[in-house]
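Below: one structure in structure tokens.
Below, each value reflects all heavy atoms present in this structure, side chains not excepted, and no hydrogens, waters or symmetry copies.
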Amino acid sequence: MEDNIKKWDKYFLDVCNTVASNSKCLSRKIGVILVRDKSIISTGYNGAPSGVPHCDRRLAYDGNLRDLFVEKGKDHSFMRDWILDECPRYLLGAKSGEMRDICPSVHSEANAIVNAAKNGVCTEGTIMYMSCSIPCFECLKLIINAGIREIVVTGLNYYDNMSEFLLTNSTLKYRVYGEISK
């Protein structure tokens with residue numbers, strides 16, 4: 001039984017990594033799939049909403065972001081090229097999770113749930129596989145309310161304190177790839 005779980009987990013993690021490769025995010029590339037009865041029913045990766053410029057080209061469209069670079073006294077000589085190859089938040093000195101208010105990216109977990117909804121697919125009772133650790137609290141709230149019964153993650157590192165609280169006080173199961181559910 002355990003070998004069978006590890007086999008399916010490897011398959012689903014490989015799919016998550018393939019989905020993640022489509023992300024245009026300059027910070028992190030994360031892929032998520034929703035599975036019911038070993039069949040993939042939805043996928044999601046992190047990135048800007050449909051039709052919104054990705055961060056690599058945002059400077060050409062976003063005067064507020066250009067102004068923020070000037071305001072923070074950051075070198076902006078690269079702006080004449082209008083192309084970024086690093087996350088604007090990191091260029092502005094933010095650490096992971098900081099300055100999220102300037103990030104247009106939708107997390108992969110939310111995108112998988114939205115994609116299921118757009119296609120009329122019920123998420124109740126599914127398993128969400130992801131190519132990351134425990135999700136942020138915003139995504140966990142969506143996951144719990146979407147009726148997803150289990151998340152399978154690459155590690156048990158908490159993104160924030162609220163994530164730990166939500167997991168501890170909900171019925172959502174979680175495990176690391178290759179482990180049997182507790």
Check against side chain to side chain contact (heavy atoms under 4.5 Å, CB included), K141 and L166: CA-CA 8 Å; K141 291 187 282 187; L166 291 170; 3.7 Å; yes
Shared hydrophobic cluster, V15 / V121 (ILVMFWY, side-chain heavy atoms < 4.5 Å):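 Not linked; separate clusters.
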Pairwise side-chain contact, V114 with L142, heavy-atom cut-off 4.5 Å (strictly under):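 No; the side chains remain at least 4.5 Å from each other.
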N119, CG: over 12 other non-hydrogen atoms inside 6.0 angstrom: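 Enclosed: over 12 neighbouring heavy atoms sit under 6.0 Å from CG of N119.
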Test item: M128 and V32 side chains (from C-beta on) under 4.5 Å apart, heavy atoms: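 Yes. Closest side-chain heavy atoms under 4.5 Å.
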Mutual orientation of the aromatic rings belonging to Y129 and F12 [parallel < 30°, tilted 30-60°, perpendicular > 60°]: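 Aromatic pair Y129/F12 classed tilted.
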Close side-chain approach of N46 and N111, heavy atoms under 4.5 Å: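 The answer is no, as the side chains (C-beta and beyond) never meet within the 4.5 Å cut-off.
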Linked, directly or transitively: W8 and V176 (ILVMFWY side chains, under 4.5 Å):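 Not linked; separate clusters.
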Exam field: side chain R89 to backbone E98, donor-acceptor pair closer than 3.5 Å: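 Yes, the answer is positive, given that a donor and an acceptor are paired below the 3.5 Å cut-off.
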Pairwise distance OH(Y45) to CG(N115) - rounded to 0.5 angstrom: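 Reported to 0.5 Å precision, the distance equals 8.5 Å.
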Test item: E179 and L156 side chains (from C-beta on) under 4.5 Å apart, heavy atoms: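 SC-SC contact between E179 and L156 ruled out.
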M99 versus A94, closest heavy-atom pair with distance: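 In terms of heavy atoms, the two residues are closest at SD-CB, 3.5 Å.
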Interatomic spacing from CD1 in I127 to CD1 in I40 - rounded to 0.5 Å: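 Reported value, rounded in 0.5 Å steps: 12.0 Å.
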Which atom of P135 lies closest to which atom of E109, heavy atoms considered: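 P135 and E109 have their closest heavy atoms at CB-OE2, 3.3 Å.
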Nearest heavy-atom neighbours spanning G125 and R149: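 Heavy atoms only, the tightest pair is O-NE, 3.1 Å.
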Side chain proximity check, I102 to L92, heavy atoms < 4.5 angstrom: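 A side-chain contact under 4.5 Å exists here.
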CD1-OG distance between I33 and S39, expressed to the nearest 0.5 angstrom: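 I33 atom CD1 to S39 atom OG measures 10.5 Å (nearest 0.5 Å).
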No-hydrogen, no-angle side-chain donor-acceptor test under 3.5 Å, D160 and S163: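 Short answer, yes.
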Path from Y177 to V35 over hydrophobic side-chain contacts below 4.5 Å: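 Shared cluster, yes.
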Co-membership, hydrophobic cluster, residues Y159 and L140, 4.5 Å side-chain: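 Not linked; separate clusters.
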CG-CG distance between N169 and L172, expressed to the nearest 0.5 angstrom: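 If I round to the nearest 0.5 Å, the distance is 12.0 Å.
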Beyond-backbone contact of I151 with M130, side-chain heavy atoms, under 4.5 angstrom: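 SC-SC contact between I151 and M130 confirmed.
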Euclidean distance, C25 SG relative to D56 CG, rounded to 0.5 Å: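 One gets 10.5 Å once the value is rounded to the nearest 0.5 Å.
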Within one Ile-Leu-Val-Met-Phe-Trp-Tyr cluster: L167 and V152, side-chain cutoff 4.5 Å: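 Different clusters: L167 never reaches V152 through Ile, Leu, Val, Met, Phe, Trp or Tyr contacts under 4.5 Å.
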Side-chain (R36) to main-chain (C122) donor-acceptor, under 3.5 angstrom: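 Yes, the answer is positive, given that a donor and an acceptor are paired below the 3.5 Å cut-off.
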Flag side-chain contact, heavy atom, 4.5 Å: Y174 against V153: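 The answer is no; the side chains never approach within 4.5 Å.
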Heavy-atom donor-acceptor pair, K29 side chain to S23 backbone, under 3.5 Å: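 Flag set: sc K29 to bb S23 pair under 3.5 Å.
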Pair D62 + R66, salt bridge at N-O below 4.0 Å: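 No.
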Under 3.5 Å donor-acceptor, S133 side chain and G155 backbone: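 Flag set: sc S133 to bb G155 pair under 3.5 Å.
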Smallest separation among heavy atoms of S108 and G44, with atom names: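 Closest pair (atom of S108, atom of G44, distance): CB-O, 3.5 Å.
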Whether over 12 other heavy atoms sit under 6.0 Å from R28 CZ: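 No.
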Sub-4.5 Å side-chain heavy-atom contact between L26 and R58: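 No - every pair of side-chain heavy atoms lies 4.5 Å or more apart.
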Where F69 and P88 come nearest, the two heavy atoms and their spacing: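 Shortest heavy-atom contact: CZ-O, 4.1 Å.
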Sidechain-backbone polar pair: T126 side chain, L34 backbone, donor-acceptor under 3.5 Å: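 Checking the backbone N and O of L34 against the side chain of T126, no donor-acceptor pair under 3.5 Å is found.
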For the student: nearest non-hydrogen atoms of G47 and S105, plus distance: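 Shortest heavy-atom contact: N-OG, 3.1 Å.
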Check: S131 side chain, N17 main-chain N or O, donor-acceptor pair, under 3.5 Å: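 No, the answer is negative, given that no donor and acceptor are paired below the 3.5 Å cut-off.
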Side-chain donor or acceptor of K24 paired with backbone N/O of N22 under 3.5 Å: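 Checked: pair present.
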